[in-house]
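Inspection log for the structure reproduced underneath, given as structure tokens.
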Amino acid sequence: MKLKVCFVVICLCFVATKAEDYIINAFRSLIEKQPVNMSLIPEPAFPVDVHILSRLLKKVATGPCLMLTENVLDQTLLNGLFPKVQVHSVSPDVPVDLLISKILNFTNTHGGYVTVLTDLPSRTNDIQTVHQQIPHLCYISVDGLLNKDKAHIHVDMPKLLKLMKRNIRVVCTAAIIPRRYEQRKNQYIRSIQTLEGHGYSPYVVESCVAGPTFLDEYCNNVCYTLSNNAYLKNKGVNESVSLLMALQKWNFNDDDIILKLTGRYVLQFDKLLRLLEEADDVAAVAKFEQMDRSSVLTGCFAMRYDLMKQMYASYDYEKLEKEMICIEHEVGPYLEQLEKEGFKLIRLGLLGIEANVFGGGGSDKLTYW
């Protein structure tokens, strides 16, 4: 992924600006491997949006992470918030040079960019020295976060721990074609950047060309399937085949929720993401339209990973192409059957989607779902 040339250091000031804005900025900086300097426990007291906070902590967990602490930690709480962190206990008499050496060794072992969590409330000056000596890393102060009494002043810890157990994967489908290339390219970029603004780094599956492409400049998780068959008239078949190939390749957990989004569509708000994060017993979320049969708007819908793979693998794609059956007409009855079998299905009237529907003549029709 191409790094931006700007140098970003994030310092929190919860009085002047919403805390979640700084958290999202930190999230984006983590994606781009830029410098970060922030605290997760604001002073003075200010409520923290645990949905946004959980998204940052999940992003931290995807990379190498070192914790420097002078406290005895609650292991259950530590595992719930930072499941893969390497903890290094720091005694009061350890000189700052040894802290710097520890961080440099960890950084060199893990490719040059890591997250350093600091739980050293009595050594503020030493941490500032560390920042000055090694400025290019992500530093996050967790002073007080692992202290239940203090953390609960700012953070709904039970809810945060619940959200940390919930994995939502946003999967965007793409088809890079010559027709209206620049327009479609800008739509893909805008969609990815909007998702990052919600605290999600999407997975993208591209069916038409071999990579790398501009997608790799904006997304760290791109799968090129080269599965597009230009002779097929049914666009839904091409998209579904490509999506199935990517789902089979990505090693998600069976109970992860996949939010499938047509890549040029924009998720305007994070209301749908919040619903998916909290509804830990849901198997699918979709917007239904009653046409000549039950139909789901497949430009944006969510399913459990194992169920989505099974659904796309079950279709007779030759029949769908031959009889020009819309994939929307297949997904609707499939979800309703799951509901009859006892799986929880949520029907939504509003998804918060700006849909750029690409017409046969190459023009867009802008709709809102």
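Only a predicted model underlies this, so the values are computations on that prediction, with no experimental measurement involved.
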(message) For Tyr368 together with Tyr265, are the ring centres under 6.0 Å from each other?
(response) no

(request) Find out whether Trp369 and Leu350 are in side-chain contact, i.e. whether some heavy atom of one side chain is under 4.5 Å from a heavy atom of the other. (result) no

(request) Would you mind telling me which of Ile134, Leu68, Ile127 makes a side chain to side chain contact (heavy atoms under 4.5 Å, CB included) with Tyr139? (result) Ile134

(message) With a sphere of 6.0 Å drawn around CG of Asp93, does it hold more than 12 non-hydrogen atoms of other residues, nucleotides or ligands?
(response) yes

(message) Quick check on Lys84: does its NZ atom have over 12 non-hydrogen neighbours (other residues, nucleotides or ligands) under 6.0 Å away?
(response) no

(message) Under a 4.0 Å threshold between the charged nitrogen and the carboxylate oxygen, would Lys102 count as salt-bridged to Asp97?
(response) no

(request) Answer yes or no: is there a side-chain heavy-atom contact under 4.5 Å between Thr124 and Asp143? (result) no

(request) Return yes if some donor-acceptor pair links the side-chain N/O of Asp254 with the main-chain N/O of Asp306 below 3.5 Å, else return no. (result) no

(message) Could you check whether Arg190 pairs with Glu354 (Lys NZ or Arg NE/NH1/NH2 to Asp/Glu carboxylate O, under 4.0 Å)?
(response) yes

(message) Can you tell whether the side chains of Asp280 and Arg166 come within less than 4.0 Å, N to carboxylate O?
(response) no

(message) Just by distance, no angles: are the side chains of Tyr334 and Ser314 close enough, under 3.5 Å, to form a donor-acceptor pair?
(response) no

(request) Determine whether Val170 and Tyr203 make a side-chain contact, defined as any pair of heavy atoms from C-beta on separated by less than 4.5 Å. (result) no

(request) State plainly whether the residues Lys58 and Glu277 are in salt-bridge range, i.e. N to O under 4.0 Å. (result) no

(message) Is the positively charged end of Lys185 above the ring of Phe214, judged by distance under 6.0 angstrom from the centroid and angle within 45° of the axis?
(response) yes

(request) Return the set of residues passing ring-ring contact (aromatic ring centres under 6.0 Å, His included) with His88 (not counting sequence neighbours), or none when no residue passes. (result) none

(message) Other residues, nucleotides and ligands only: do more than 12 of their heavy atoms fall within 6.0 Å of CD on Glu341?
(response) yes

(message) Assess whether a salt bridge exists between Arg274 and Asp49, defined as any Lys/Arg side-chain N lying under 4.0 Å from an Asp/Glu carboxylate O.
(response) yes

(message) For the SG atom of Cys223 and the CD atom of Gln248, what is their distance to the nearest 0.5 Å?
(response) 10.5 Å

(message) Is any side-chain heavy atom of Arg304 closer than 4.5 Å to one of Asp256?
(response) no

(message) Check Asp126 with Arg123, please: is the shortest side-chain N to carboxylate O separation under 4.0 Å?
(response) yes

(request) State, without any angle test, whether Ser242 and Thr225 hold a side-chain donor-acceptor pair at a distance under 3.5 Å. (result) yes

